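First the structure, in the form of structure tokens, and then the observations on it.
The structure presented is a predicted model; accordingly, all values stated were derived computationally and were not measured. Lettering follows sequence order; numbering is per chain, from 1.
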Amino acid sequence: MAKIEETKIDAKIPAGPLAEKWNYYKSHQKLVNPANKRRLDVIVVGTGLAGASAAASLAELGFNVLNFCIQDSPRRAHSIAAQGGINAAKNYQNDGDSVYRLFYDTIKGGDYRAREANVHRLAEVSGNIIDQCVAQGVPFAREYGGLLDNRSFGGAQVSRTFYAKGQTGQQLLLGAYSALSRQIGQGKVKLYARYEMLDVVIIDGRARGIIARNLVTGKVERFFAHAVVIGTGGYGNTFFLSTNAMGSNGSAAVQIYKKGAYFSNPAYAQIHPTCIPVHGEYQSKLTLMSESLRNDGRIWVPKKKEDAEAIRAGKLKPTDLKEEDRDYYLERRYPAFGNLVPRDVASRAAKERCDAGFGVGNTGLAVYLDFSSAIERLGEDTIRARYGNLFQMYEKIVDDNPYKTPMMIYPAIHYTMGGIWVDYELQTSIKGLFCIGEANFSDHGANRLGASALMQGLADGYFVLPYTIQNYLSDQIQVPRMSTDLPEFDEAEKAVKDKIERIMKVQGDHSVDSIHRELGLVMWDFVGMGRNKAGLEIALEKIKQIREEFWTKVYVPGTTDGVNVELEKALRVADFIEIGELMARDALMREESCGGHFREEYQTPDGEALRNDEEFSFASCWKYNGEGQEPTLLKEALDYEFIQRQQRNYKA
Amino acid sequence: MEKTINVTLKVWRQAGPKAKGAFELYKLDNVSTDSSFLEMLDVLNEKLIKERKEPIVFDHDCREGICGMCSLYINGHPHGKDGETTTCQLHMRRFSDGETIVVEPWRSAAFPVIKDLMVDRSAYDKIIQAGGYVSVNTGGVPDGNAIPISKIKADEAMDAASCIGCGACAAACKNGSAMLFLAAKVSQLALLPQGRVEASARAKAMVAKMDELGFGNCTNTGACEAECPKAISISHIARLNREFLCAKFQD
Ligand code: SF4
Ligand code: FES
């Protein structure tokens, strides 16, 4: 069992009624005056929705911003791939939405494992995000009258999701990218593309800069700032196969964790129910089909096992099955929400059917998502207008026409709710080090609702961090720019170079990818959709072996000068191994089921997640104790002051 | 059901920006036709690594056709010859058994090679930095529904906004012009009331930047439209020209 420390974790939540906390905070926080802003440097790592919006907004306010990304352009960040939409409590549809309802749905969707005050703030600023994006020229979908259109999404009974075709993430990111580009053009943001952060530099207990590797020249460089902001996304690629981009990684999070930032709730990973099933060993990633498809698509498997078997053997086509031979299991189990139950519920239900032998596809690990009744009802043209690009993407990958035959889908790792612990100000447990977007743990509890990731990333970057960071920086105006020749920079750089050296020296015979794949399989088998004590213990053992294997058998060709993609991947995989272990550890510690964390030992008689609020109503905060040492567990108690916790129920 | 093919790859290898490059031949057997083009390259790279050779460097990230990071000239076409497809979405079922596939980097004066198939496309970012935005700061903007926008205009803006900034247009153009990329952004913003205000100034600033960065002139060959993976229409170039002329008149 983990070492537990009973330090009280202070999230610095402002006092007062829930709905007034954020306003109260803003009216009482310290600010930095314009002349002083010019003297303060802020490093923002990452250019996704959170990173780009934060970098742009901070520069607009007058701070000097240094912005880093690993891709060739800030516009490539993986936020770009989000398809479905962004939630906002605008109540444009007059269907009863409100800030409170969005707050409530998010808390409930997160299975009562998020912080009330953060989530309420998120719901409060959600409307501003839409206004901001419209002003930037984001081409949201509109109705014929010219007003903004909405759709509904899983876990909600109102239509509050704004969208831009099936490319909402792309359009929002390009909006943030254009705001960022404007600041780069004006010289207020200095962009470092194709740079990878390799460590944070701490001076006198405060974050004062980073060490980054220029991915083109291979040079390891030093950067100073008065504050550092991490917006590098989630760690879903620990599983090797995920819907994340190939370069998405959790390394910045691991680096700061090792420097003392707490890692919270690593076990909370989201398995997205609608992905294209795994189809081959060479496969490099999984492709998500937007959850918005569940608005019009109906999910089913054959009712009879023999039909499922015949389909798997290629002897029967899904279109041959009569209505009464199909089991629309979500509609059957959850009449109130039907196909629109939250993601974790939908994923587990698919696994349950496939495990029971009703799965389709040649592997048996797939279920149908069928549009035939929607096409009958609305016509093919309407469906094409709504989902055309998604259908096209599906057809390109699978070589099947989803207008004619049902899509096949299966759950895949998609998003990580866990991440770096932050307080109400989005500050980590290291002073001057902030963490935003998916990289932090803050708003989604144990499960994230659809269309809420975009909302959180932009809320953090546009409307929260630009305020809260000033409360910190106001104390820093006397601090002069520091030289990067200080011993702390020397030391951090040396550690980075030593690590690179160590990896290059192994010269074993395993490719980086082969080790990563191995890790991914262990994660999927034992730390995936269904977890149990014995399996998690096996996972911990296996991950230990994989770590050993990595450090003795990995082979990185080439040199450290210039582009070396294998070296980049090796550095990231070394960190995925650390995260994988932390995920398994956290999952083992949490003896309950909640949201995306499902412990098979803890379920209701009808197979739903069974929380244990008595013992586990806390956010786990893991504190690093050095290489080879067990981390210490700290707990941030989650006191529900305003909402009464309930067993989540999507049935009635 | 899964099929496999054998292919020969003729790949451009170049050690660095200043190094002299050359084609190299690789044979790859039993390639699953269900794998994507980049997965096929992954398999080749695994093989090279096993042989303790340096793997081929190429850009990619999302592998679902949206980030714009993948590139590659495949058999003489940027993103291969399939219409409306990025390299990462191209599948091996489009190739035949025994085929020789030629793989080159983007070739354009404004996109210098970094290594092998990886090029520097930061010139596209610089064009956006010159004016590809609406000049609003965070906060203090009107309600999202304050200005109704016709659905037709919004949809047209969305089509223009689908550009993924991949660079295929300039790579496909014999003049090396970035006009389609630039026009897509100018057009998107000019169609919306929010962006209309700065439309002419934006067009002028972006065109000036494009010229400065060494892109060629547009002579309407249409090669860009034919090769664009997102079917961005050259009608946007006409709109750009209108905005550009307006700017000239105002001078
Ligand atoms: S216009 Fe088309 S080809 Fe050119 S960058 Fe955009 S998506 Fe690529
Ligand atoms: S890798 Fe993102 S578009 Fe091809």
Side-chain angles (χ1 to χ4, degrees), chain A residues 56-57 60 71-76 78 80-81 90 92 130-132 134-137 139-148 164-165 167 170-171 174 178-179 181-182 184-185 193 216 245-247 279-280 282-285 287 393 396-397 399 462 466 511 513 555 557-558 562-563 565-566, chain B residues 2 16 32 34-35 38-39 42-43 46 49-50 52-55 57 59-69 85 89 91 93 114-115 118 120-122 124-125 128-130 132-138 141-145 148-151 154 157-158 161-162 165 188-189 192 194-195:
Chain A
S57 305
E60 287 161 8
Q71 298 91 343
D72 70 333
S73 162
R75 65 182 293 155
R76 314 279 186 226
H78 194 54
I80 200 139
K90 283 285 202 185
Y92 283 162
I130 302 305
D131 302 340
Q132 189 65 36
V134 168
Q136 288 170 343
F140 281 121
R142 298 203 170 244
E143 291 165 353
Y144 281 101
L147 300 181
L148 292 159
K165 271 201 176 161
Q167 292 144 258
Q170 176 193 37
Q171 294 311 313
L174 292 181
S178 66
S181 295
R182 174 167 163 248
I184 297 169
V216 173
M246 302 301 287
H279 52 85
Y282 46 80
Q283 198 158 347
S284 57
K285 75 157 276 164
T287 304
M393 183 159 85
K396 267 180 198 152
I397 297 174
D399 210 19
Y462 284 133
S511 72
D513 279 358
Y555 171 56
V563 178
V565 178
E566 291 300 305
Chain B
E2 192 179 10
S32 163
D34 282 340
S35 70
L38 296 184
E39 285 169 344
D42 291 342
V43 173
E46 274 295 298
I49 291 168
K50 273 224 177 78
R52 299 190 100 73
K53 292 184 185 139
E54 273 209 50
V57 174
D59 265 326
H60 64 103
D61 201 16
C62 73
R63 295 206 177 183
E64 46 190 80
I66 194 78
C67 75
M69 186 121 173
T85 303
Q89 290 179 302
H91 278 71
R93 62 180 81 95
I114 295 173
K115 187 171 180 175
M118 176 189 273
D120 178 355
R121 284 171 289 190
S122 54
Y124 267 23
D125 288 318
I128 299 291
Q129 287 155 19
Y133 45 75
V134 177
S135 298
V136 289
N137 285 352
T138 303
V141 299
D143 185 87
N145 260 347
I149 300 174
S150 99
K151 178 168 164 49
M158 178 64 224
S162 303
Q188 174 207 338
L189 296 177
L192 301 170
Q194 291 82 2

Side-chain touch A:Y282/B:E46, heavy atoms, less than 4.5 angstrom: no
Check: B:G68 main-chain N/O paired with A:R76 side-chain donor or acceptor under 3.5 Å: yes
Which portion of B:A157 sits near chain A, non-hydrogen atoms under 4.5 angstrom: both
Structural part of A:Y92 lying under 4.5 Å from a heavy atom of chain B: side chain
Euclidean distance, B:I128 CD1 relative to A:S178 OG, rounded to 0.5 Å: 8.0 Å
Among A:S511, A:G185, A:A135, residue most engaged with chain B (heavy-atom pairs, under 4.5 Å): A:A135
Distance (rounded to the nearest 0.5 Å) between B:I66 CD1 and A:M393 CE: 8.5 Å
Side-chain donor or acceptor of A:Q132 paired with backbone N/O of B:N137 under 3.5 Å: yes
Under 3.5 Å donor-acceptor, A:D131 side chain and B:V141 backbone: no
When B:K115, B:R93, B:R121, B:Q194 are compared by non-hydrogen pairs under 4.5 Å with chain A, the top option: B:R93
Beyond-backbone contact of A:S73 with B:Y124, side-chain heavy atoms, under 4.5 angstrom: no
A:G137 backbone acceptor or donor facing B:Q188 side chain under 3.5 Å: yes
Per-residue contact mode, A:V563 against chain B (heavy atom under 4.5 angstrom): both
Side chain to side chain donor-acceptor pair (under 3.5 Å) against B:Q129, all qualifying residues, sequence neighbours excluded: none
Residue part contacting chain B, namely of A:E143, when any heavy atom lies under 4.5 Å: backbone
Reported CD1-to-CG distance for the pair B:I49 and A:D513, which is rounded to 0.5 angstrom: 7.0 Å
Top contributor to chain A interface from B:K50, B:R63, B:E54 [non-hydrogen pairs under 4.5 Å]: B:R63
Option that, when pairs with chain A are counted at under 4.5 Å, heavy atom only, ranks first among B:L192, B:D120, B:L189, B:T85: B:T85
Side chain to side chain, B:H91 and A:D399, heavy atoms closer than 4.5 Å: no
Contact leader toward chain A among B:A161, B:S122, B:G195, where contacts are heavy-atom pairs under 4.5 Å: B:A161
Backbone of A:L148 reached by a side-chain donor or acceptor of B:N145 within 3.5 Å: yes
A:R182 vs B:S135 side-chain heavy atoms within contact, under 4.5 Å: yes
Spacing of A:Q71 atom CD and B:C62 atom SG [to the nearest 0.5 Å]: 10.5 Å
CD1-CG distance between B:I149 and A:L147, expressed to the nearest 0.5 angstrom: 10.0 Å
Check: A:Q171 side chain, B:M158 main-chain N or O, donor-acceptor pair, under 3.5 Å: no
Interchain contact, A:L174 with chain B, by part (heavy-atom threshold 4.5 Å): side chain
Heavy-atom proximity to chain B below 4.5 Å, by part of A:A164: both
Donor-acceptor side-chain pairing of A:T287 and B:E64 below 3.5 angstrom: no
Donor-acceptor contact below 3.5 Å, side chain A:E60 vs main chain B:T138: yes
Best-contacting candidate, B:P148, B:G144, B:S162, against chain A by heavy atom pairs under 4.5 angstrom: B:G144
A:K90 vs B:D143 side-chain heavy atoms within contact, under 4.5 Å: yes
Which portion of B:V43 sits near chain A, non-hydrogen atoms under 4.5 angstrom: side chain
Pairing residues for B:Q89 by the side chain to side chain donor-acceptor pair (under 3.5 Å) criterion, not counting sequence neighbours: B:T86
